[in-house]
Amino acid sequence: MHFLGLLGDNFTLPFVLKSCADLSRVCMGRCVHGQGLRVGLEGDFYVGASLIDMYVKCGVIGDARKLFDKMIVRDMASWNALIAGYMKEGEIGVAEDLFERMEHRNIVSWTAMISGYTQNGFAEQALGLFDEMLQDGSEMKPNWVTIVSVLPACAQSAALERGRRIHDFANGIGLHLNSSVQTALAGMYAKCYSLVEARCCFDMIAQNGKNLIAWNTMITAYASHGCGVEAVSIFENMLRAGVQPDAVTFMGLLSGCSHSGLIDAGLNHFNDMGTIHSVEPRVEHYACVVDLLGRAGRLVEAKELISQMPMQAGPSVWGALLAACRSHRNLEIAELAARRLFVLEPDNSGNYVLLSNLYAEAGMWEEVKKLRALLKYQGMKKSPGCSWIEINGKSHLFMGADKSHPQAKEIYKFLEALPEKIKMAGYIPDTSFVLHDISEEEKEYNLTTHSEKLAIAFGLLNTRPGVVLRVTKNLRICGDCHAATKFISKIYEREIIVRDLNRFHCFKDGSCSCGDYW
DNA sequence: GTAGGGTTAG
């Protein structure tokens, strides 16, 4: 068009800029910017907002801001684009400031703030703003994008009741046939423990309306709940429906196979990725397969796979190998993996702890001492563990050794009596998870104060018999807590579901859905 | 015609 001497007008430029934004072609974007100035379009609202959006999506927020500050008249789209840009960069404060300063806000402004909060992990703020938006007298009308933006906040904080209310609300505004909303709902229910409700939402989507993201959501949902067979089967449905899988699909599929011990199926799908489906395996896929082999105890094969990787093995790959060495007590390969990890991620204390645990089990106290000294010297701390539980729609949070809860006294009394009770059923405290130079008794006491135990105790004390407990932890569940919870589920006849950083553990009648295979 | 969106391991 340019070649033919046609300049383009205020209608042409926004489309070109949108393409620049989608392709991150900032040089081309700047060209179009210059072109706009030459033909006197700098005052056009659409061109202005599109330029800001282009700079934001190309990752040069500074340029977006410069332009914004230079503009004499700005419409809401420019403000909204800039707010979204700052949220994308994690500059929450700046985004909040802009939002406050806006004279008029529309639903896009509110939605940009809400999604910005959820994408930065500020679930409380997202839910708070959603409520504020709906306060009496407000004329804001949430639409499907708003709903899709707020649901991940429920998922993050495992707020099932809250999610159900938003589900009702979405139905109330006629969104029950919106496939993006149903996909977001499925993801929310899956992360809030309710696989059945997740499946219901997925099934609400018409067969020909199920896109890649919908399928990925359901595959990942099954995988995280340890339902590998279902994950594989839904993957096959996806292929039958003619939807091309992508890298995310295989992350779900491979981790599902891994968590369920479907070794051969996992390896076959991994081999088919590039050849049949044209999805080239990435580092994270290799990490999944290392995990898959590692869990099965095939550590040598896992090591060999790493050496054959077509790209550099990252921390995730060596981390999976080290974790597998911990469960299968292979010191030799563990040392190899740990050496690489100490270089690749020197600040990750978890790696030092894992190796130290292995040394401790092997009785190699000199090595344990050296590692602990190193940890101390580098001033590293384990990131603080916390767990929370939702009861009657209210969330209760516990840090490790937390005594701040109003019912703390009762909870600690319960937990102090607990070991004797479950020891009779066969529980043996595993103090290798305690990383302090203290006596065995102190270590055992230390175990009883883990945040997940506090949350479970609180749940048992505050719900009627038979009620399912749902506990969420910000880290991986501790091995001793895992063992203890199995006994608790039997003795107190309770189903207890723990969502940790990696997956769901459903404790029932003395065993866990992960089959101790985590 | 512009701005806000759901899926990703250990």
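A quick note: this is a predicted structure, and the numbers were derived from the prediction, not measured. So you know, we letter chains A, B, ... as the sequences are listed, proteins then strands, and number each from 1. Just the heavy atoms: all of them, side chains too, but no hydrogens, waters or symmetry mates, feed the values below.
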Compare side-chain N and O positions of [X] against OP1 and OP2 of [N] and report whether any pair is under 4.0 Å apart.
X: A:Lys191; N: B:dT8; result: yes
X: A:Gln119; N: B:dG4; result: no
X: A:Lys18; N: B:dA3; result: yes

Assess whether one donor atom and one acceptor atom, taken from the side chain of A:Ser149 and the base of B:dG4, lie less than 3.5 Å apart. no
In residues 307-314 of chain A, which ones come under 4.0 Å of DNA chain B, going by heavy atoms? none
What is the nucleic acid contact for [X], judged by heavy atoms within less than 4.0 Å: base, sugar-phosphate only, or nothing?
X: A:Ser179; answer: base
X: A:Leu322; answer: nothing
X: A:Asp246; answer: nothing
X: A:Phe250; answer: nothing
X: A:Trp215; answer: nothing

Is A:Arg74 close enough and on-axis enough to A:Phe68, meaning under 6.0 Å and within 45°, for cation-pi? yes
Do the two ring centres, one from [X] and one from [Y], sit under 6.0 Å apart?
X: A:Tyr352; Y: A:Phe342; result: yes
X: A:Phe11; Y: A:Tyr46; result: no
X: A:Trp110; Y: A:Phe99; result: yes

Between B:dG10 atom C1' and A:His285 atom NE2, what is the distance in whole Å? 14 Å
Measure from CG on A:Asp291 to C1' on B:dG10 and round the result to the nearest Å. 6 Å
Rounded to the nearest 0.5 Å, how far apart are OG of A:Ser255 and CG of A:Asn502? 9.5 Å
Rounded at 0.5 Å granularity, tell me how far CD in A:Glu335 sits from CG in A:Leu322. 10.5 Å
So, applying side-chain contact (heavy atoms from CB on, under 4.5 Å) with A:Leu293, which one of A:Val300, A:Leu267, A:Leu299, A:Leu321 is it? A:Leu267
